[in-house]
Structures are given as C-alpha cells and as structure tokens.
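Count residues from 1 along the sequence.
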Amino acid sequence: MTAAPTRRPRLVPSRRLALAALLAWAGSSGAQAQSLVDLYEAARGFDATYLSARSQYDANLAKAEQARAGVRPQVGLGGSATWSDRNSSANVLDGSYNNQAVTLSASQPLYRPANSAAAEQGRLSVSVAEAQLQAAEQELIVRTTQAYFDVLAAQDTVTFVQAQKAAVAEQLAAAKRNFEVGTSTVTDSREAQARYDLVLAQEIAAENDLRVKKLALDQLVGRSGVAPKPLAVPVALPALAPADPQAWVGLAETTHPSVLQATQGLEIARLETEKAKAGEKPTLDLIGQYQVARGPSSSSAIPGYVRNNTGTVGLQFNLPLYAGGALQNRIKETLALEDKARTDLEAARRGVAQATRSAYFGVLSGQSQVKALEAAEASSQSALEANQLGYQVGVRINIDVLNAQSQLFQTKRDLAAARYNVLIGGLRLKQASGQLKGEDLQAVNALLVP
C-alpha cells in the first residue's frame, strides 16, 4: 500500500501577516541594534544617579583617610617678624629694632584612644562606601535591563497590534464581499468595522507608549534612537540555581550591600562608644620643636643682634577632670545609638530575607506563566484556524473569528512580556541576594538575536 503524500499545512492569512510583521521588525532593528551589555556600559558612563554614587564613593574614601590622620605625626612650620620703636626717658635706651624667628614643630600621639577608635572607624567606613557603590551598580544593572525590555515589550505590542489590524482588515474585506454577494448579513461587516476601529485606537496608544519607553532608555544611556536587540524566539529561559529559596536567603545574609552596611554601621557605633569613653582617659603625646630666632642682644656686654638656635623634645600629658557632665551624657548617647545600629542590622537582615524570598517565588511563578502561555499560544492558534474554517463553511460567524484573532495576539503579547519578566526577575533575585554583577548580563545577552 502506497502512503499518501504529506500535505503541507496552509498558513492562514492572519498567521502569515503576524509572522511577516515580526520578521520585518527583527530585520529592521537588527542592522543598528545594540545589545544589553553595550547599553549597560553606556549607562555606566552617563547615568547621573550612578555617577553621583561614584563621586560619593570617592568622597567617602577621602573622608576615611581624614580619620586616620589622628594617629599620625603632625608637623608644622611657623615664622614671625616684628619691628619695634622705643622712646624712653632715658635717652640711651631709645631706638628701634626688629626680631625674626622660624619654628619647626612636630608631635606624635603616643596614647590617644579616641584617635585610635576614629582611625578604625575610618577603615570600616571604606567597607561601607564599597557596599554603597555596589548597591548603586546593582541598581543600575536592573534599571538598564528594565528599560531595555520595556522598549522590547512596547515594540511587541505595536507589532502584534499592527498584525492584528492587518488580520482584522482582511476579515473586514471578506465580510463586505460576502455581504455583497448575499452570503452574510450586514452585521458581520459592522462587527468587523467596529473591531477594526478599536484596533486603530490600540495602535495609536501602543505607538505612543513605545515612544515614551524609547525616550526613557535614551536618557538612561545617553544616546538617541537606541534600538535594543530583540529576544531570540524560541528561547530556553535559564533555570533557577540553586533551586532553594533558603539557599538564596543564606547568600543574602552575608553578602547583600544593605546587610554589609548595617554590619559595619554596628561596628562603627561600638567604636563611637569607645571614643566617648576615651574622653575620660588621659592622653600622652611626644612633642619636639626647633627654633631659629634673631633679635637684639639683652646684655650690654654683647652689643648688636644675636641669633639663637633652640631645640626642644618632651612629653605632653593631659588628663580631663571635669567637663560639666558632657562626657557622661555623651556615653549614654552613643550606647543608645549602638542599640539602634544593632536593631537596624536585624531589620536589614529581615528585609533582605523577605525581598529574596519574594524575588525567588516571583521568578518561579514567571517561569510557570511562560509555560502556560506557550501552551495557550498553540491552543489560540488552533482555535483561530478552526474558527476561520468554520466561518468559510458557515458554521461560525464573523465575531467568532475576530474574537479568536484578538485572543491569539493578546496571548502572544502576554507571552513575550512574561519572558521579559522572568529575565528581569532573575536579575532582581540576584540583586535581592546581593549577588548581582555586571557579568550576569552576559547570560541575558546570549539570549538576544545575534
């Protein structure tokens, strides 16, 4: 028995129009399109919020060095020159003279517990500054990715609406032809016209939304007319690894910038208490001085001007006895602030854990939505083809075909948006756990059209 030849399925008009619109957009955008990594690098050099964070980081480093100056030597150079005129009742004492002196002085703290605590605070503040800059970089990654996929989602909406408009226009033309030959009622034409007018309004709104989203991306990266590369379809979205929310929370509790800042903030608060207590302790400094002075002789046996070179080395001790109660109340203040810092650290850990779990289940839910929408897309395509065939043979009316078309294009748009949300959600999960880095964009970049 000879097998029947395989018949190639005919591409229905609406499906053919949608595919043509998608291919046209991909072809036009691919020539001048920029990848996600390219636009992120551009944003790093242009975004005002990120550049402000970098400047703040540099300022914090300089401020940390200022705190360390308290345990280092202090050296100063001073000079003076005076002129005097004396008019005495004893004429022999009349005259004018001048004095000059140059003094080089230095001191080295030997025991200053407050300065030592301040220097340690400076060291810890560098870690705080690094955590703040890390948070700003992670936020820039997410903002750039969000703006990138916002443009793609808006472009998808325009593409699908235009494809739907073409399909509805074809259905409207068919309804009019059938009405003219008497095979359908005027209701079919009016329903198709109403749907066509509605799609036109949707197209206007979609095009305006696309313009707004493109302007936002242009402003972020400092370029005009940015065209992001579209997502390659079909696409295999990356799986969650590790596939355990508690594992992500464990990472967040040790590496998240907010937790790191709060941890260092607690240590800085403890050192502030030490500084306050050090106000009641003595201080000891090593001091030295060398002076070169020139002036009139004070002895009649040595007339004229003389020069004196004087060197001094010694220890300087100071012990505060009473300061009106300021020191004791300062200690009470710093102890209360230390408790506050401890509570802030616990709040940061709880907040990060909650945000990490929410981000994890958000990605998990998004992946399930993508799978469901992929099945819905195939079902909607089959339903449209069945309704078109039923309309041709007279068992379906025009509104059935129009509804099936709307459902198909809505499903396509939702599926594209769901894929974008999963990719963005994956980056947000890494941000919530404190693991997000610029290199993570490479994995997303690999899913784009080359």
Side-chain atoms of residues 235-249: list all donor-acceptor pairs with protein atoms under 3.5 Å, sequence neighbours left out, distances to 0.1 Å.
residue, atom, partner, partner atom, Å
Asp244, OD1, Gln246, N, 3.3
Gln246, OE1, Arg357, NH2, 3.1
Trp248, NE1, Pro242, O, 2.7

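- Checking side-chain atoms of Gln74 against main-chain N and O of Arg72 turns up a donor-acceptor pair under 3.5 Å.
- Here Gln431 pairs with Glu139 under the side-chain hydrogen bond (donor to acceptor under 3.5 Å, both in side chains) rule; sequence neighbours left out.
- For the pair Leu104/Val75, a side-chain contact is recorded, criterion being any heavy-atom separation below 4.5 Å from C-beta on.
- Under the side chain to side chain donor-acceptor pair (under 3.5 Å) rule, Asn387 has a single partner from Gln405, Arg396, Gln392, Gln407, which is Arg396.
- Heavy atoms only, all atoms of each residue included: Lys213 and Ala154 are closest at CG-CB, 4.1 Å.
- Between Asp156 atom CG and Arg413 atom CZ the span is 10.0 Å, to the nearest 0.5 Å.
- A distance of 7.5 Å separates OH in Tyr148 from NZ in Lys229, rounded to the nearest 0.5 Å.
- Side-chain atoms of Ser125 do not come within 3.5 Å of backbone N or O of Asn60 as any donor-acceptor pair.
- Scanning all heavy atoms of the two residues, the minimum distance from Ala64 to Val126 falls at CB-CG2, 3.6 Å.
- Closest heavy-atom contact between Leu36 and Leu448: N-CD1, 3.9 Å.
- Considering every non-hydrogen atom in both Val221 and Val226, the closest pair reads CG2-CG2, 3.8 Å.
- Using a cut-off of 4.0 Å between Lys/Arg side-chain N and Asp/Glu carboxylate O, Arg342 and Glu346 are scored as not salt-bridged.
- Nearest heavy-atom pair across Thr356 and Ala432 is OG1-O, 3.1 Å.
- Within the structure, every pair that satisfies the salt bridge (Lys or Arg N to Asp or Glu O under 4.0 Å) test and touches residues 371-381, not counting sequence neighbours, is listed here: Glu374-Arg419, Glu377-Lys412.
- Between Glu338 and Thr273 the shortest heavy-atom distance is OE1-OG1, 3.0 Å.
- Salt bridge annotation for Asp344-Lys340: present, with a cationic side-chain nitrogen under 4.0 angstrom from a carboxylate oxygen.
- Put simply, CG on Leu210 and CG on Asp150 are 11.0 Å apart, with the number rounded to the nearest 0.5 Å.
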Start with the C-alpha gap between Leu286 and Leu315, add the side-chain angles, then the distance that decides, and say whether side-chain contact (heavy atoms from CB on, under 4.5 Å) holds. CA-CA 5 Å; Leu286 174 65; Leu315 296 174; 3.9 Å; yes
Carefully, step by step, assess Ile141 and Leu441 under the rule side-chain contact (heavy atoms from CB on, under 4.5 Å). CA-CA 8 Å; Ile141 293 173; Leu441 292 179; 3.7 Å; yes
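- Not a single donor-acceptor pair under 3.5 Å links the side chain of Gln316 to the backbone N or O of Leu284.
- We find that Arg270 and Glu274 are not joined by a salt bridge, their nearest charged nitrogen and carboxylate oxygen being 4.0 Å or further apart.
- Salt-bridge annotation for Glu280 and Arg330: absent, with no side-chain N of the basic residue lying under 4.0 Å from a carboxylate O of the acidic one.
- Between Glu253 and Val352, every side-chain heavy-atom pair lies at or beyond the 4.5 Å cut-off.
- Using a 4.5 Å heavy-atom threshold, the side chains of Leu427 and Asp440 count as touching.
- Atom CD of Gln121 and atom CD1 of Ile268 lie 6.5 Å apart (nearest 0.5 Å).
- Between the side chain of Asp285 and the backbone N or O of Ser107 there is no donor-acceptor pair closer than 3.5 Å.
- Ring orientation note: the planes of Phe149 and Tyr420 are close to parallel, at an angle under 30° on the 30°/60° scale.
- Salt-bridge formation is not detected for the pair Arg177/Glu180: no Lys NZ or Arg NE/NH1/NH2 atom is positioned less than 4.0 Å from an Asp or Glu carboxylate oxygen.
- The shortest distance between side-chain heavy atoms of Gln369 and Asp414 does not fall below 4.5 Å.
- From Leu389, atom CG reaches atom CG of Leu384 across 11.0 Å, with rounding to the nearest 0.5 Å.
- Side-chain atoms of Asp197 and Gln193 form a donor-acceptor pair, as typed in the model, at a separation below 3.5 Å.
- Here CG of Leu110 is found 10.5 Å from CD1 of Ile287. Values are rounded to the nearest 0.5 Å.
- In this structure, Lys430 and Lys437 have side chains that are not in contact, with every pair of non-hydrogen atoms separated by 4.5 Å or more.
- Considering only heavy atoms from C-beta on, Asn403 comes within 4.5 Å of Arg195 through its side chain.
- Contact annotation: the side chain of Val259 never approaches that of Thr254 to less than 4.5 Å [non-hydrogen atoms, C-beta and beyond].
- Put simply, the side chain of Glu137 does not reach to within 4.5 Å of the side chain of Leu140, judged on heavy atoms.
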